[in-house]
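Here the structure comes first, spelled out in structure tokens, and everything after it is commentary.
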There are 2 protein chains.
Amino acid sequence: MPKLGMEPIRKTALVKATITEIGRAGSLDVTVGQIAKRAGMSTALAHHYFGGKEQIFLAAMRHILTLYSAEVRGALATAATPEARLEAILLASFSATNFRREVVSAWLNFYVLAQTVPGARRLLAVYQRRLHANILHALRPLIGARADAVTEALGALIDGVYLREALSPRPSDGKAAVRMLQAYLSAELRN
Amino acid sequence: MPKLGMEPIRKTALVKATITEIGRAGSLDVTVGQIAKRAGMSTALAHHYFGGKEQIFLAAMRHILTLYSAEVRGALATAATPEARLEAILLASFSATNFRREVVSAWLNFYVLAQTVPGARRLLAVYQRRLHANILHALRPLIGARADAVTEALGALIDGVYLREALSPRPSDGKAAVRMLQAYLSAELRN
DNA sequence: TTTTTTGTTGATTGACGAGTCAATAAACTT
DNA sequence: AAGTTTATTGACTCGTCAATCAACAAAAAA
């Protein structure tokens with residue numbers, strides 16, 4: 001009993017299911033069958049809409065990146081001062097939506113994926129460039145020439161906190177993460 | 001033409017081959033066949049000595065952790081002041097042996113492995129505790145109560161730099177990494 | 001010298017999973 | 001009404017891979 005206009009619905013269902021499954025498996029060792037089942041359809045349909053496993057993964061990654069970007073952009077929109085811009089970036093990065101184990105695990109695995117799949121690498125590069133630009137733009141007026149080095153470090157620190165979160169046995173605590181990052185920043189700004 | 005006492009030789013060959021293959025594949029998607037071939041033996045022999053793929057992976061991980069620990073311990077041995085201890089840890093972490101793409105990629109993948117395989121998680125926990133203790137011990141006399149927070153941040157920062165290295169298109173530059181970490185430290189110590 | 005232990009592999013098994021295909025059916029077009 | 005497009009799946013193919021096994025060989029022990 002096929003209803004028309006299913007494509008976008010099926011696709012988003014598959015993308016969400018993919019993130020969930022990667023999160024729960026903690027690896028990319030997830031079969032199309034598992035994903036399709038969680039999304040409530042047959043394997044064949046998943047292939048029909050995406051053409052292959054790799055494309056499903058890429059779509060899922062694109063989805064996470066898009067969500068994150070939107071959140072950052074939204075938070076930046078209302079930030080007036082450089083300090084507020086930095087805070088906005090941090091809050092978005094560790095918001096309840098983004099800083100969930102599932103999502104963090106997916107991120108980690110996308111990093112791994114990016115080592116092999118050029119498409120994934122490109123996506124990640126886009127994200128990294130954007131983050132870099134945002135941070136740099138906020139830092140420049142505050143510390144001038146040192147901004148480059150601090151941007152680098154802050155980016156690495158964010159990734160590091162994510163990485164550790166993926167393995168932490170405790171429940172996610174975005175607040176604590178933000179506090180830590182802000183402590184780092186104030187140490188750098190104070191100088 | 002079997003020579004006796006092959007076991008340790010074969011085992012180390014397999015461990016090295018595993019790290020190489022994971023590094024070059026950029027993922028844990030490496031077959032026992034590939035590993036065995038690179039180590040110059042048959043698949044069956046690999047199974048014979050290790051019993052299974054998982055144990056090969058764990059042995060490889062143990063090997064990397066052991067090398068790293070030994071290097072840190074060696075560097076710490078000759079460090080007199082707390083500052084020197086910190087530097088020793090950083091230098092060891094980003095030494096030419098440890099901070100190679102191959103090894104870094106293996107690390108990243110072990111992080112992923114640790115999400116699923118309890119044995120891997122345990123190994124990683126040991127490493128993290130040790131690193132934490134070492135840094136904390138050096139920082140305490142310098143900044144007292146703030147040492148805990150800074151230790152946390154420094155650990156995450158190290159991991160983050162590793163993570164980014166795995167994806168960096170440029171060749172590894174341990175020196176630059178150490179400089180960056182030291183810049184962070186001096187900012188924190190100055191306060 | 002017979003037996004046991006250690007080293008070694010080619011061939012095989014058995015499972016699993018990605019991707020394809022043919023078939024079925026509802027909706028929309030002409 | 002006939003034809004086309006969209007949705008959907010069960011069944012199948014084909015490849016891959018972990019793990020096992022039987023068999024062979026050399027050294028050591030008996």
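Each chain gets a letter, A, B and so on, in the order the sequences are listed, and its residues count up from 1.
- B:Tyr162 and B:Phe99 have perpendicular rings, their planes meeting at more than 60° on a 0 to 90° scale where under 30° would count as parallel.
- Across the protein-nucleic acid pair, A:Met6 atom CE and C:dA26 atom C1' stand 12 Å apart, rounded to whole Å.
- One N or O on the side chain of B:Arg100 and one on the backbone of B:Thr97 form a donor-acceptor pair closer than 3.5 Å.
- Note: A:Tyr68 and A:Trp107 have perpendicular aromatic rings, judged against thresholds of 30 and 60 degrees for the angle between ring planes.
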Summary of protein contacts for nucleotides 9-22 of chain D, nucleotide by nucleotide, where a base hit scores B, a sugar-phosphate-only hit scores S (4.0 Å, heavy atoms): BB------SSBBB-
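- Between the side chain of B:Arg121 and the main chain of A:Leu167, a donor-acceptor pair closer than 3.5 Å is present.
- Exactly one of B:Ile35, B:Leu28, B:Val30 qualifies for a side-chain contact (heavy atoms from CB on, under 4.5 Å) with B:Thr18. That residue is B:Ile35.
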What are the atom names and distances for every N/O pair under 3.5 Å that joins the protein to nucleotides 28-30 of chain D?
none

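- Panel note: side chain B:Asn98, backbone B:Val103; no donor-acceptor pair is recorded below 3.5 Å.
- At a threshold of 4.5 Å between side-chain heavy atoms, the hydrophobic network of Ile, Leu, Val, Met, Phe, Trp and Tyr places B:Val126 and B:Leu131 in two separate groups.
- The nearest whole Å value for the distance from the CZ atom in B:Phe50 to the P atom in C:dG7 is 13 Å.
- Taking A:Phe57 as the reference, nothing meets the ring-ring contact (aromatic ring centres under 6.0 Å, His included) condition, with sequence neighbours excluded.
- Among the atoms of the strands shown, only primed sugar atoms or phosphate atoms (P, OP1, OP2) are found under 4.0 Å from some heavy atom of B:Tyr49.
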